[in-house]
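The structure appears right after this line, and notes come after that.
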Amino acid sequence: MCGIVGLFLKDKSLEPELGALLSSMLVTMTDRGPDSAGIAIYGDASGNNAKITIQSANPKKDFAGLEAELGQAVSAPVAIQVKSTHAVITLAKDLLDAGKAAVAELRPNVRIMSSGDAIEIYKETGLPKDVVSRFGVNSMAGTHGIGHTRMATESAVTTLGAHPFSTGSDQCLVHNGSLSNHNNLRRELKREGMTFETENDTEVAAAYLTAEMAKGKNLGQALEGAVDDLDGFFTFVVGTKSGFGVVRDAIACKPAVMAETDQYVAFGSEYRALVNLPGIENARVWEPEPATVYFWDHQKVA
C-alpha cells in the first residue's frame with residue numbers, strides 16, 4: 001500500500017520548519033506502511049561543499065576513525081556528523097567522487113544513501129515516528145523534501161529496501177505501486193552503466209530517471225518519458241537539487257492528493273497528510289491527473 005508525502009517550499013521563512021512539517025505528514029501515513037520509513041531533505045546548496053550520507057549496520061565500528069581516514073585518503077579536510085546508523089560526510093564539491101570511492105574502499109560494509117550538494121537521506125526499518133525521531137528530522141531545515149512509509153509487497157523489509165532511492169547526485173524517488181517491466185529495464189540500464197544495490201522495482205525507476213537526466217533532460221521531461229517507458233501501477237514523487245516532481249501512471253489507481261498555496265506545494269497519498277500544513281484551508285487542492293507530470297523548480301519560482 002505505502003504512503004508518500006512531499007513538500008516544496010516557496011516561502012523561505014518556512015525553511016526552518018521543513019523537517020518538522022514533513023515528519024508530521026509522514027507519521028500521519030503510518031498505517032499505510034509500518035515496515036520501514038525514510039525521508040530526503042534538501043538543504044542549502046550554496047557554498048563549495050558537498051555531502052555524502054552513509055549508513056551502517058554497525059555504526060560504532062564503521063564510523064570510528066573514519067573522518068581522519070577519509071581526510072587522509074582524499075588529502076583534504078572532511079567532517080562527519082553521526083546520526084544513529086547514518087552519518088553525513090561534508091567535503092569539497094570537487095572531491096565528491098573521490099570521497100565516495102574512498103568510503104567504498106575504507107568501509108566496504110557501509111552503504112551510500114545519497115550524495116550531492118543539498119540532499120541528505122535517512123531511512124530505516126520501523127515506524128515513521130521512530131525513524132524521524134532517531135535521526136532528529138524534526139529539527140532539520142531545508143527547501144524541499146519527500147518521504148515514504150513502506151508496506152513491503154515484492155522484496156524484503158530491509159534498510160536498503162526502504163525508500164527514498166537515490167541513484168544520482170541530488171536525485172531521489174519514492175513510489176507507491178508496482179512495476180511489471182522492472183527486470184527488463186534493469187538489464188537495459190546496467191548496459192548503460194547504472195549500478196543497483198537491491199532487487200527493488202523502485203530503484204529501477206530512480207535509475208531510469210537518472211539515466212534520462214544524464215542525457216540532458218530536466219526532471220519534468222524525464223517524468224514524461226517514464227509514463228511511456230514504465231509499465232505497471234505507480235505514483236512517483238521525485239526530488240532533484242532544485243526541483244520537485246509528481247507523476248501517476250495512465251490508470252492512476254494509487255491514491256494521491258496535492259495542495260498549493262503561495263507558500264508551498266504539498267503532496268500526500270491522502271488528504272489527512274496535509275491537514276496540519278499552515279494555510280491549508282486556503283490552498284488549491286486537487287487530485288493529480290493520470291499520465292500528467294507536475295513539476296516545480298526553485299530556479300523558476302519567483
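Just so you know, these numbers use all the heavy atoms, side chains as well, and skip hydrogens, waters and symmetry mates.
When the side chains of ILVMFWY residues are joined at heavy-atom separations under 4.5 Å, either directly or via intervening members, V293 and F234 end up in a single hydrophobic cluster. Under the 4.5 Å side-chain heavy-atom criterion for grouping Ile, Leu, Val, Met, Phe, Trp and Tyr, V88 is not connected to I112 through any hydrophobic cluster. If you chain together hydrophobic residues whose side chains sit under 4.5 Å apart, L21 and Y271 fall into the same group. I146 and Y294 fall within the same hydrophobic cluster, where Ile, Leu, Val, Met, Phe, Trp and Tyr residues are linked whenever their side-chain heavy atoms come under 4.5 Å apart, directly or through other members. Connection of L127 to I121 is not established within any shared hydrophobic cluster, with ILVMFWY side chains joined at heavy-atom distances below 4.5 Å, either directly or through further cluster members.
Y42 places a side-chain N or O within 3.5 Å of a backbone atom of G239 that can act as its donor or acceptor partner. Between the side chain of T198 and the main chain of L160, no donor-acceptor pair closer than 3.5 Å is present. Remark: the backbone N or O of A118 is paired with a side-chain donor or acceptor of D170 at under 3.5 angstrom. Between the side chain of Y122 and the backbone N or O of G136, no donor-acceptor pair lies under 3.5 Å. For K51 (side chain) and I119 (main-chain N/O), no donor-acceptor pair under 3.5 Å exists by modelled atom type. Remark: side-chain polar atoms of S269 are paired, donor with acceptor, to backbone N or O of I4 under 3.5 angstrom. Looking only at distances, no side-chain donor or acceptor of E270 sits under 3.5 Å from a matching main-chain atom of P255. Panel note: side chain S56, backbone N58; a donor-acceptor pair is recorded below 3.5 Å. Judged by distance alone, the side chain of S24 and the main-chain N or O of L22 form no donor-acceptor pair under 3.5 Å. Side-chain atoms of T30 come within 3.5 Å of backbone N or O of V27 as a donor-acceptor pair.
Using a 4.5 Å cut-off on side-chain heavy atoms (C-beta onward), N200 and R150 make contact. Taking 4.5 Å as the limit, every side-chain heavy atom of T261 sits out of range of all side-chain heavy atoms of P278. Proximity of E15 to L18: side-chain heavy atoms (C-beta onward) are nowhere separated by under 4.5 Å. Two residues are said to be in side-chain contact when any heavy atoms from C-beta on lie closer than 4.5 Å; F267 and M25 fail this criterion. In this structure, the side chains of F233 and N176 stay at 4.5 Å or more apart for every pair of heavy atoms. A heavy-atom distance below 4.5 Å is not found between the side chains of R134 and H86. Considering only heavy atoms from C-beta on, R272 comes within 4.5 Å of M29 through its side chain. I39 has its side chain out of reach of M140: every pair of non-hydrogen atoms, C-beta onward, lies at least 4.5 Å apart.
Annotation: the span from N109 atom CG to I54 atom CD1 amounts to 12.0 Å, rounded to 0.5 Å. Rounding to the nearest 0.5 Å places OH of Y208 at 12.0 Å from CG of L173. We find the CG-CZ distance between L179 and R186 to be 10.0 Å, quoted to the nearest 0.5 Å. Here CD of E197 is found 7.0 Å from CE of M113. Values are rounded to the nearest 0.5 Å. With values rounded to the nearest 0.5 angstrom, R32 atom CZ is found 10.0 Å from T149 atom OG1. Atoms NE2 and CG, from H182 and D201 in turn, are 5.0 Å apart once rounded to the nearest 0.5 Å.
In this structure, K254 is not positioned above the aromatic face of F236 in the sense of NZ or CZ being under 6.0 Å from the six-membered ring centre and within 45° of the axis.
A salt bridge links K10 and E260; the closest N-O separation between the charged side-chain nitrogens and carboxylate oxygens is under 4.0 Å.
When each of D117, T143, D297 is checked for a side-chain hydrogen bond (donor to acceptor under 3.5 Å, both in side chains) with S242, only D297 meets the rule.
Ring geometry, H148 versus H163: the interplanar angle falls under 30°, so the pair is classed parallel (tilted spans 30 to 60°).
More than 12 heavy atoms of other shown residues, nucleotides or ligands fall within 6.0 angstrom of atom CG in D228. Within a 6.0 Å radius of CZ in F63, more than 12 heavy atoms belonging to other residues, nucleotides or ligands are found. Atom NZ of K93 has more than 12 neighbouring heavy atoms from other residues, nucleotides or ligands inside a 6.0 Å radius. Crowding of E281 atom CD: a count of heavy atoms from other residues, nucleotides or ligands under 6.0 Å exceeding 12.
No hydrogens or angles considered: nothing links the side chains of S166 and S114 as a donor-acceptor pair under 3.5 Å.
Partners of D97 under the side chain to side chain donor-acceptor pair (under 3.5 Å) rule, at least two apart in sequence or in another chain, do not exist in this structure.
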Item to check | From CA spacing to verdict: side chain to side chain contact (heavy atoms under 4.5 Å, CB included), E120, Q81 | outcome: CA-CA 12 Å; E120 297 177 19; Q81 182 183 18; 5.9 Å; no
Next on the checklist: Evaluate L91 against L96 for side chain to side chain contact (heavy atoms under 4.5 Å, CB included), listing each step before the verdict.
Outcome noted: CA-CA 7 Å; L91 72 174; L96 186 60; 4.3 Å; yes
Checklist entry - Taking it one step at a time, do V246 and V265 satisfy side chain to side chain contact (heavy atoms under 4.5 Å, CB included)? => result CA-CA 11 Å; V246 173; V265 179; over 6 Å; no
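Contact detail for V131 and G126: the closest heavy-atom pair is CG2-O, 4.0 Å. When all heavy atoms of G145 and F244 are compared, the pair lying nearest together is O-CE1, 4.3 Å. Across every non-hydrogen atom of A259 and L274, the tightest pair is CB-CD1, 3.9 Å. Nearest heavy atoms, P164 versus K123: O-NZ, 2.8 Å. Smallest separation of non-hydrogen atoms from F295 and G243: CE1-CA, 4.3 Å. Across all non-hydrogen atoms, the minimal contact from A291 to V227 is CB-CG1, 3.7 Å.
Ring centers of F8 and H298: under 6.0 Å apart, within the cut-off.
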Side-chain polar contacts of residues 64-74 - donor-acceptor pairs under 3.5 angstrom, sequence neighbours left out - could you list them?
unit_1: E67; atom_1: OE1; unit_2: I80; atom_2: N; d: 2.9
unit_1: E69; atom_1: OE1; unit_2: R107; atom_2: NH1; d: 3.1
unit_1: E69; atom_1: OE2; unit_2: R107; atom_2: NH2; d: 2.9

